[in-house]
Amino acid sequence: MTVLVTGGAGYIGSHMVWELLDAGESVVVLDRLSTGFEWAVAPEAKLVVGDVADRDLVGQIIRDNKVDAIIHFAGSIVVPESVATRSAITRTIPARRAR
Ligand SMILES: NC(=O)c1ccc[n+]([C@@H]2O[C@H](COP(=O)([O-])OP(=O)(O)OC[C@H]3O[C@@H](n4cnc5c(N)ncnc54)[C@H](O)[C@@H]3O)[C@@H](O)[C@H]2O)c1
């Protein structure tokens with residue numbers, strides 16, 4: 001199975017990537033590296049640097065890698081920031097429907 005982990009360069013996502021690899025799954029990470037780090041992504045995973053709001057990119061990743069499942073961790077941990085920049089958060093929602 002191939003799993004796309006958004007936010008896979010972040011705190012929780014990077015640990016999810018290690019768990020999936022340990023379980024024998026193939027992993028693709030989509031992360032814009034705004035708070036995450038390239039070094040946090042396991043070398044066995046494929047890292048794509050980009051934004052989850054980029055529908056074309058998400059669709060391309062799904063097609064090119066034959067993605068079976070998506071685990072979504074790309075988000076902001078800072079609640080006040082999320083509220084203050086609501087448009088930036090909601091802008092990412094259409095990406096969920098990308099194919
Ligand atoms: N850390 C916790 O204790 C905790 C607890 C409960 C829920 N959460 C939630 O889990 C999610 C991840 O939290 P975290 O602690 O790993 O945060 P984090 O900041 O370490 O990781 C988030 C990752 O998402 C990436 N990212 C953010 N917006 C993006 C976008 N539009 N496109 C692509 N990549 C993007 C960042 O670069 C980063 O690598 C958040 O939604 C957070 O609210 C975290």
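Sorted by first and then second residue, the pairs that involve residues 27-71 and meet ring-ring contact (aromatic ring centres under 6.0 Å, His included), not counting sequence neighbours, are Phe37-Trp39. For residues 45-70, the set of pairs meeting the ring-ring contact (aromatic ring centres under 6.0 Å, His included) definition, not counting sequence neighbours, is empty. For the side-chain hydrogen bond (donor to acceptor under 3.5 Å, both in side chains) condition, no pair includes a residue of residues 11-22, sequence neighbours left out.
Shown here are the side chain to side chain contact (heavy atoms under 4.5 Å, CB included) partners of Ile71, two or more places apart in sequence or in another chain: Val3, Met16, Leu20, Phe73. Every residue two or more places apart in sequence or in another chain that forms a side chain to side chain donor-acceptor pair (under 3.5 Å) with Asn65 is listed here: Lys46. For Ser34, the side chain to side chain donor-acceptor pair (under 3.5 Å) criterion is met by Arg32, not counting sequence neighbours.
No more than 12 heavy atoms of other residues, nucleotides or ligands lie within 6.0 Å of CD in Glu38, so this atom counts as exposed by the packing criterion.
Of all the heavy atoms in Leu21 and Ala45, the pair that sits closest is CD1-N, 4.3 Å. Contact between Val17 and Gly8 at its shortest, heavy atoms only, is CG2-O, 4.0 Å. Of all non-hydrogen atoms in Lys66 and Thr2, the two that sit nearest each other are O-CB, 3.8 Å. A pairwise comparison of heavy atoms in Val29 and Ala9 identifies CG1-N, 3.9 Å as the closest pair.
In this structure, Ile70 is a member of the same hydrophobic cluster as Val48, with clusters built from ILVMFWY side-chain heavy atoms closer than 4.5 Å. Transitive grouping of hydrophobic side chains (ILVMFWY, heavy atoms separated by less than 4.5 Å) keeps Val28 and Leu33 in distinct clusters. Note on Leu47: it clusters hydrophobically with Val5, by side-chain heavy-atom contacts below 4.5 Å among ILVMFWY residues.
In this structure, the separation between CG on Leu57 and CD1 on Ile62 is 9.5 Å, given to the nearest 0.5 Å. Atom CG of Asp51 sits about 7.5 Å away from atom CG of Leu30, to the nearest 0.5 Å.
Side-chain contact check for Asp68 versus Met1: some heavy-atom pair is nearer than 4.5 Å. At least one side-chain heavy atom of Leu4 sits less than 4.5 Å from a side-chain heavy atom of Ile61.
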